[in-house]
Amino acid sequence: MNHKLTSEEQIIEDNLDNFKSVSDEKRSHIESIIETTKKNKAISMRMSAFDLELLKQKAQREGMPYQTLLNTIVHKYVTNQLVDKNEVIKTITMMKENEAI
């Protein structure tokens, strides 16, 4: 069979010789992390009606269910990927003042 590879698949194919096998212990550890991330857990939380309405409005503008948006926000927060826009602006301003950029 002839399959057209995506650009990402082609990069992997082109670099196969650069990949190394991991130890059985490390593989087991990675597989357990993957399994854990697949599991969802239902929770219940209280939120102000005002905040919930704003969340639903934002989710609708983004074209997703509000639970998905909330889950994304929580994930970004706990993995240190959620940033405060004002802090970023303040940092950039300070770097410009110090001619660091």
Side-chain angles (χ1 to χ4, degrees):
M1 285 190 218
N2 244 346
H3 294 289
K4 176 116 173 79
L5 299 177
T6 66
S7 58
E8 184 178 85
E9 291 169 334
Q10 189 62 55
I11 291 169
I12 293 170
E13 183 79 19
D14 294 342
N15 291 288
L16 279 177
D17 293 338
N18 298 332
F19 293 109
K20 298 185 250 180
S21 295
V22 296
S23 67
D24 289 341
E25 181 182 332
K26 186 156 188 146
R27 182 183 181 94
S28 293
H29 179 67
I30 292 168
E31 288 173 347
S32 72
I33 291 171
I34 292 169
E35 274 307 305
T36 301
T37 60
K38 288 181 183 177
K39 296 177 185 172
N40 287 329
K41 189 143 190 146
I43 65 164
S44 175
M45 65 180 282
R46 299 222 179 265
M47 176 183 285
S48 75
F50 179 76
D51 288 346
L52 180 58
E53 186 55 37
L54 289 178
L55 180 69
K56 286 180 177 182
Q57 289 173 14
K58 279 195 179 262
Q60 187 175 23
R61 283 193 302 272
E62 295 293 324
M64 67 175 69
Y66 75 94
Q67 297 98 329
T68 302
L69 178 57
L70 184 57
N71 190 40
T72 301
I73 293 166
V74 170
H75 176 74
K76 286 182 177 184
Y77 178 76
V78 300
T79 58
N80 294 318
Q81 296 176 57
L82 190 66
V83 295
D84 181 347
K85 180 176 78 172
N86 293 329
E87 286 298 316
V88 172
I89 291 170
K90 189 166 71 173
T91 301
I92 291 171
T93 302
M94 189 172 48
M95 290 177 75
K96 282 183 178 179
E97 289 170 357
N98 293 323
E99 298 178 3
I101 56 172

Taking the basic N atoms (NZ, or NE/NH1/NH2) and the acidic carboxylate oxygens, is any pair closer than 4.0 Å for E31 and R27? yes
Test: E53 and K56 ion pair at under 4.0 Å: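 So E53 does not pair with K56 through a salt bridge.
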Quick one: do Q57 and Q60 satisfy side-chain contact (heavy atoms from CB on, under 4.5 Å)? Show the steps, please. CA-CA 5 Å; Q57 289 173 14; Q60 187 175 23; 5.6 Å; no
Does the side chain of H29 come within less than 4.5 Å of V22's, by heavy atoms? no
Does [atom1] belonging to [X] count more than 12 external heavy atoms closer than 6.0 Å?
X: E25; atom1: CD; value: no
X: D24; atom1: CG; value: no
X: F50; atom1: CZ; value: no

For the residue pair D14 / Q10, report whether a side-chain donor-acceptor contact shorter than 3.5 Å exists. yes
Would you kindly say whether T6 and E8 are connected by a side-chain donor-acceptor distance under 3.5 Å?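 No donor-acceptor contact under 3.5 Å links the two side chains.
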So K90 and N86, side-chain contact (heavy atoms from CB on, under 4.5 Å) or not? Walk me through it. CA-CA 6 Å; K90 189 166 71 173; N86 293 329; over 6 Å; no
State yes or no: do I34 and I12 share one hydrophobic cluster built from I, L, V, M, F, W and Y residues joined by side-chain heavy-atom distances below 4.5 Å, directly or via other members? no
Do you reckon Y77 sits in the same ILVMFWY cluster as V88, going by side-chain contacts under 4.5 Å, direct or chained? no
Could you point out which residue of M95, K96, E97 forms a side chain to side chain contact (heavy atoms under 4.5 Å, CB included) with T93? E97
Can you name the nearest heavy-atom pair linking I73 to L55, along with the distance?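 Scanning both residues, the minimum pair turns out to be CD1-CD1, 4.2 Å.
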